Protein chains: 2
Amino acid sequence: MPGARNFDDLKGDLTRSYPGLSPQLQNIATFALEHPQDMALDTVARLAKGIGVQPSAMVRFAQALGYEGFSGLQRVFRTRLVERSNNHPGLRNYRERIEAFRAGHERPGPRGVLSQFVADGITSLEQLLEHVAPADLAAAVKLLAGAKTIYVLGHRRSFPVAYYLSYALTQLELRAPLLDSVGGMLREPARLIGPKDALLVVSFRNYTPEVVEIAKDCHARKVPVIAITDNALSPLARASRICFQIEEKTSMPFRMLVAPMCLAQALVVAVGEQLG
Amino acid sequence: MPGARNFDDLKGDLTRSYPGLSPQLQNIATFALEHPQDMALDTVARLAKGIGVQPSAMVRFAQALGYEGFSGLQRVFRTRLVERSNNHPGLRNYRERIEAFRAGHERPGPRGVLSQFVADGITSLEQLLEHVAPADLAAAVKLLAGAKTIYVLGHRRSFPVAYYLSYALTQLELRAPLLDSVGGMLREPARLIGPKDALLVVSFRNYTPEVVEIAKDCHARKVPVIAITDNALSPLARASRICFQIEEKTSMPFRMLVAPMCLAQALVVAVGEQLG
DNA sequence: GGGGGATTGCAACATTTGTTCTATGTATGT
DNA sequence: ACATACATAGAACAAATGTTGCAATCCCCC
């Protein structure tokens, strides 16, 4: 078996033969895919030290892929590097392209849709960073870190965000149950939420009525409510102690979840730092 | 005089000192500027032979530019190569901005965490656009639009993405049930998936075993499987007909969901366009 | 529990690498 | 025409590289 001559084929070979490799060689494989530049330029010794393996393991890895030695494998990474640096479209070219799909003039089809989403997603994230007040963020983190139980609520398109929050906060060994309506029970547990707890609620328009009502109810009962919603006119803005407003200024006919998801992950990590 | 550290400075040094160089060194200089890639990767001996000089001349050339030896000079060409390959379309535009984020808000605390997430999220999205093959995307859309039933599968941190896919595809009036394990039933419905259906599976490391096994099973039974996973070594890469690999090149110790979520939304919209 | 195969660590090996040294050649200026 | 300074070529050297062989270890199957 001769070794692959280009990087894509190499990736294919790797996925195919990965399961049959020894644990050590698997380690090397993951490293190779995650640090292709190092693989291209570093020496065997340095790479081996970086991975925590003997240089011989590198050679065996290359041989397992059909190359005569490590050099043959490295050649693939090197050619990839020079090719990537060669087909460098001019900067002018790229600027036009980004403007094009920013403006929505990119040719249609699935690829166009993806470019559009990526562009809007980036805009979304930039706006997120701009609009979130550091004070709010700090307050929310403190609140969450100190709450007895964090109840997480979000339905329909907001549910993925809510689920993630519950999942990840639980990983931090916090009590963070998800308020869902499995079996039709939703309002009942909500009544048990107290001022020492916290309600983390996610909703965008049009705001699911049940969700809004639970938030209002809790807020009225002095439960600290943290909301993730779209703008200042949201009913959640009036029914929360801290409200993250993620404005939507995209070309899409419906809400993107990129920014809310990002905020959710950042929140969780910040809470984790606060605790540990 | 210390040698220049980056390629542009090196070019400046060269133009300045070129007239005072010996004819042979001038030859080397022109070659170096005309074949920067060879200068980055080849050895002294091969380069010297290519130019028609002795290896020692290469060393003297480097020393004439202020480097200790040829290796120091070559380092400049190498870093140029990796930088050019990093500034690939997409990354270029926002790199400065990301650096700004990092520089401006690196200090710890919730705000720092958020800016870090935003920066990594943007990088993520750009890599998404770069790595997704348009052909794969088109094929996936066609497959999904034509499937009798689309089964959606994803657990733990991948569940939000899976849920969203199921939710949004259902909004398009497609049959897109979520394969969950409520009540412990997961394997049974999976057996009913046939070649006219499709399985849309999301999983990242470490890949939930149940999920992987269902995907493998379906793939073996000729069910079209579309996977969203992290890299070429994922078991899903081997158990799918179409595989979207969302590489993870962030500073975070765990997976970000920004890019997968974005891909999911783009997929849904593209399917919608295909239908309508 | 023990035997056999695969896997890994270690060290020695031959080769190649970058560098340096010296001798030869070459141009320049007096 | 000669001396001097410089440029070049070639060989020699030490360091580092990629590679291989062997022994120790782990793990699985009988």
Side-chain angles (χ1 to χ4, degrees), chain A residues 1-5 10 14 16-32 35-79 81, chain B residues 1-5 10 14 17-32 35-79 81 233:
Chain A
M1 171 176 102
R5 296 263 163 262
L10 172 61
L14 263 181
R16 197 170 326 109
S17 57
Y18 181 80
L21 294 176
S22 84
Q24 192 179 52
L25 296 192
Q26 289 186 350
N27 269 0
I28 299 177
T30 62
F31 179 91
H35 305 272
Q37 303 160 7
D38 296 331
M39 289 292 290
L41 296 180
D42 277 358
T43 72
V44 185
R46 204 192 313 273
L47 287 171
K49 184 177 291 181
I51 308 178
V53 205
Q54 290 291 330
S56 48
M58 291 287 165
V59 178
R60 284 194 277 260
F61 174 67
Q63 288 169 340
L65 285 156
Y67 301 94
E68 192 168 332
F70 179 77
S71 310
L73 172 66
Q74 193 174 48
R75 183 172 307 124
V76 176
F77 285 88
R78 292 195 164 185
T79 61
L81 205 59
Chain B
M1 172 177 100
R5 293 264 160 260
L10 171 61
L14 260 182
S17 56
Y18 182 84
L21 263 44
S22 83
Q24 192 179 48
L25 296 194
Q26 290 186 351
N27 269 358
I28 299 178
T30 62
F31 179 90
H35 305 272
Q37 303 158 8
D38 296 330
M39 289 292 290
L41 296 180
D42 278 357
T43 72
V44 184
R46 203 190 314 271
L47 288 170
K49 183 177 292 181
I51 308 178
V53 279
Q54 288 291 327
S56 46
M58 303 299 283
V59 177
R60 284 199 308 266
F61 174 68
Q63 288 168 341
L65 286 157
Y67 301 93
E68 192 168 333
F70 178 77
S71 310
L73 172 66
Q74 192 175 48
R75 183 173 306 125
V76 176
F77 285 88
R78 292 195 165 185
T79 61
L81 206 57
L233 302 181

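This is a predicted model, so every value here is computed, not measured. A note on names: the letters A, B, ... follow the listed sequences, proteins ahead of strands, and every chain is numbered from 1. We use all heavy atoms of the structure for the numbers below, so side chains are in, but hydrogens, waters and symmetry mates are not.
For the pair A:Q74 (side chain) and A:D42 (backbone), a donor-acceptor distance under 3.5 Å is present. In this structure, A:Y67 contributes its side chain and A:V59 its backbone to no donor-acceptor pair below 3.5 Å. With hydrogens and angles ignored, the 3.5 Å screen pairs no side-chain donor or acceptor of B:Q54 with any backbone N or O of B:A48.
The distance from atom CG of A:L73 to atom P of D:dT17 is 17 Å, rounded to the nearest whole Å. Protein atom CD1 of A:I28 is 8 Å distant from nucleotide atom P of C:dT8, rounded to whole Å. Computed from coordinates, the A:L41 CG to D:dT17 C1' distance equals 16 Å when rounded to whole Å. Put simply, NZ on B:K49 is 14 Å from C1' on D:dG10, counting in whole angstrom units. The interatomic distance linking B:R75 (CZ) with C:dG18 (P) rounds to 13 Å, in whole Å. Rounded to an integer number of Å, the gap from CD of A:Q26 to P of C:dA6 is 17 Å. One interatomic measurement links the two molecules: CG of A:N27 to C1' of C:dT8, which rounds to 13 Å at whole-angstrom precision. A:F70 places its CZ atom 12 Å from the C1' atom of D:dT19, with the value rounded to the nearest Å.
Across every non-hydrogen atom of A:V53 and A:A57, the tightest pair is CG1-CB, 3.2 Å. A:L14 and A:A29 get closest at one heavy-atom pair: CD2-CB, 3.9 Å.
Remark: B:R5 pairs with no residue by the salt bridge (Lys or Arg N to Asp or Glu O under 4.0 Å) rule, at least two apart or across chains.
Sorted by residue number, the members of residues 53-62 of chain B with any non-hydrogen atom under 4.0 Å from DNA chain D read B:Q54, B:S56, B:R60.
Not one side-chain nitrogen or oxygen of A:S22 sits closer than 4.0 Å to the OP1 or OP2 atom of C:dA6. Side-chain nitrogen and oxygen atoms of A:Q63 include at least one within less than 4.0 Å of the OP1 or OP2 phosphate oxygen of D:dT20. Put simply, A:Q24 has a side-chain N or O that comes within less than 4.0 Å of OP1 or OP2 on C:dG9. OP1 and OP2 of D:dT17 both lie 4.0 Å or more from every side-chain N or O belonging to B:T43.
For residues 35-61 of chain B, the pairs satisfying ring pair (Phe, Tyr, Trp, His ring centres under 6.0 Å) are B:F31-B:H35, with sequence neighbours left out.
For B:Q74, the listed nucleotide lying nearest its side chain is C:dG18; candidates were C:dG18, D:dA7, C:dT7.
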